[in-house]
Amino acid sequence: MHRHHRTPLAATLAANSISTAGTSLTLIGVPWFVLETTGSAGRAGVVAFCATLPIVLAALIGGPFIDRIGRRRVAIASDTVCGLAIAAIPVLHHVGALEFWMLCALMALNGFVHTPGNTARYVLIPDLAEHAGTTLPRAASLFDAVSRGARMVGAALAGVLIAFAGSQTVLLLDAATFGLSALLIAVGVRGLGSAEPRKGGAPVSLHTYGTELREGYGHLLGNRLLLAVVVMVMVMNGTDQGWNAVLLPVHAEAELGGAKAIGLLTALFGAGGLTGALLYGAVGHRFSRRAVFTVCVILCGAPRFLVAAVTGTTLPLAVTMLLGGIAGGVLNPILTTVIYERVPDRLRSRVSGALTAGCEFAMPLGGLAAGLLVEGMGSSGALVAMGGVYFVATLSPLVFPSWRTMEEPAEEAVSAEEAVPAEAGREEAVAGQGAAEAIRAEAVPSPVVSSSAPSRPAPAP
């Protein structure tokens with residue numbers, strides 16, 4: 001009986017880990033493919049821009065869509081289309097038909113449909129945790145831990161495969177991971193009411209859709225802590241995207257010996273993230289959330305930019321990324337729990353879309369800016385500039401008082417949030433009651449893309 005109840009959670013965790021591993025393959029394989037075929041850091045930045053701008057657009061408008069279509073269906077369709085888009089790149093290149101605009105278009109399609117799938121899987125976690133008989137903080141830590149472990153494996157595999165089989169092989173393998181992820185959701189997540197299309201809502205129209213969107217953004221804007229999280233993570237994800245898509249590949253090609261170094265460094269960061277997530281899941285409840293978060297967010301990202309700028313060897317950067325990964329692994333479980341506590345059940349998908357859009361808003365510019373900075377001031381100058389921006393963003397928990405509310409009990413936080421719509425806009429509150437339920441906030445992501453992957457309101461690795 002217990003095994004039956006745990007199957008949907010296990011299937012979702014497995015699907016997400018496989019999809020995340022594939023995303024790591026894309027994260028390394030596509031920039032390397034662009035550098036191999038064009039030799040231009042600027043073009044790598046353009047591809048990164050094309051891949052991430054649709055992520056933001058999808059997040060801006062996708063929340064109500066997920067509710068109406070159903071989270072299970074959206075997750076399956078998303079992975080299927082992503083697999084086809086990624087597979088088309090090496091196939092077209094092999095037959096000599098791949099133009100640069102086609103590469104940009106395929107990456108844009110991948111970004112646009114990948115975001116709803118990520119969101120659909122993530123917002124199921126509270127219901128899956130209850131279905132499996134486990135706690136939300138433990139499920140959130142497990143979700144983040146397996147994602148980071150998959151990211152580590154995918155990065156290491158990408159580095160080895162690029163070195164020995166080429167970037168095209170990496171992209172084909174990536175396409176296969178999307179297919180397997182879709183299959184797991186199709187088979188493993190059945191009979192769960194929250195995964196199916198929402199019933200009893202208002203008829204589909206631009207007016208009702210707009211009302212549902214406004215509900216999500218109104219809830220986000222009415223909570224100072226969530227707004228502070230979004231602004232900080234937006235800057236972090238933007239600079240992380242520049243690191244992943246341009247700065248690290250260029251630095252590895254010039255100083256570290258190529259793609260194998262990228263795979264090693266990204267895998268070490270993922271290993272550290274896995275360790276940090278597991279550590280927080282085991283003992284994190286004993287410490288102040290804000291204190292742990294503040295220390296870890298400062299250590300997780302900016303140091304690697306500086307170390308890469310002043311050294312030309314792998315070892316110092318490897319140590320820095322391992323330690324930064326441990327610090328970064330603590331962040332997502334904290335943010336996931338905080339966000340779930342502050343978003344009522346009926347607003348999950350709408351607030352999730354708003355959070356994802358905000359957290360990933362700067363990602364398209366991050367990759368593009370990194371490419372332009374490298375061509376304008378060199379790799380070292382670009383690393384220092386973007387690392388400085390990253391560091392300033394991570395000082396937010398020390399500066400703004402809204403971060404002190406991280407320690408509030410969940411009941412107080414949710415009740416305070418549910419009072420906001422009535423004060424901020426009676427129209428949205430009434431429309432929300434008539435338009436039926438939505439979802440809880442997603443914590444992206446990311447990657448990464450955020451840089452990763454991300455996409456979720458947490459720094460991507």
To the nearest 0.5 Å, tell me how far [X] [atom1] sits from [Y] [atom2].
X: Ile298; Y: Thr294; atom1: CD1; atom2: OG1; value: 6.5 Å
X: Cys50; Y: Arg43; atom1: SG; atom2: CZ; value: 11.0 Å
X: Gln241; Y: Met386; atom1: CD; atom2: CE; value: 9.5 Å
X: Leu25; Y: Leu171; atom1: CG; atom2: CG; value: 8.5 Å
X: Leu184; Y: Ile18; atom1: CG; atom2: CD1; value: 4.5 Å
X: Thr177; Y: Leu172; atom1: OG1; atom2: CG; value: 11.0 Å

Would you mind writing out the side-chain donor-acceptor pairs for residues 310-322 within the sub-3.5 Å range, not counting sequence neighbours?
from   : atom 1 : to     : atom 2 : distance (Å)
Thr311 : OG1    : Val307 : O      : 2.6
Thr320 : OG1    : Pro316 : O      : 2.8

Holding to ring pair (Phe, Tyr, Trp, His ring centres under 6.0 Å), I want the full list of residues that pass it with Phe305, two or more places apart in sequence or in another chain.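 Trp243, Tyr390.
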Shortest non-hydrogen contact from [X] toward [Y]:
X: Ala327; Y: Leu299; result: CB-CB, 4.1 Å
X: Val46; Y: Cys104; result: CG1-SG, 4.3 Å
X: Leu331; Y: Val297; result: CD2-N, 3.8 Å
X: Ala87; Y: Ala175; result: CB-CB, 3.6 Å
X: Gly367; Y: Val246; result: O-CG2, 3.6 Å
X: Asp79; Y: Ser181; result: OD2-OG, 2.6 Å

Got a donor-acceptor contact below 3.5 angstrom from the [X] side chain to the [Y] backbone?
X: Ser19; Y: Ala15; result: no
X: Asn110; Y: Ala85; result: no
X: Ser402; Y: Leu225; result: no
X: Ser78; Y: Val113; result: yes
X: Ser17; Y: Ala14; result: yes

Between Ser396 and Val231, is a side chain to side chain contact (heavy atoms under 4.5 Å, CB included) present by the stated rule, with each step listed? CA-CA 9 Å; Ser396 173; Val231 173; over 6 Å; no
So, do [X] and [Y] sit near enough that their side-chain heavy atoms are less than 4.5 Å apart?
X: Val81; Y: Phe112; value: no
X: Leu98; Y: Phe33; value: yes
X: Leu306; Y: Leu383; value: no
X: Tyr280; Y: Arg289; value: yes
X: Val338; Y: Phe293; value: no
X: Met232; Y: Phe400; value: no
X: Met236; Y: Cys300; value: yes

Result block: side-chain N/O donor-acceptor pairs under 3.5 angstrom for residues 265-277, not counting sequence neighbours:
from   : atom 1 : to     : atom 2 : distance (Å)
Thr266 : OG1    : Ile262 : O      : 2.8
Thr275 : OG1    : Ala271 : O      : 2.9

Does Phe178 form a side chain to side chain contact (heavy atoms under 4.5 Å, CB included) with Leu84? I'd like the steps, not just the answer. CA-CA 9 Å; Phe178 280 117; Leu84 293 173; over 6 Å; no
Side chain to side chain contact (heavy atoms under 4.5 Å, CB included) between Leu106 and Leu92: does it pass, once the steps are laid out? CA-CA 11 Å; Leu106 288 169; Leu92 289 172; 4.1 Å; yes
Apply side chain to side chain contact (heavy atoms under 4.5 Å, CB included) to the pair Leu103 and Ile89, showing each step before the final yes or no. CA-CA 7 Å; Leu103 175 61; Ile89 296 173; 3.7 Å; yes
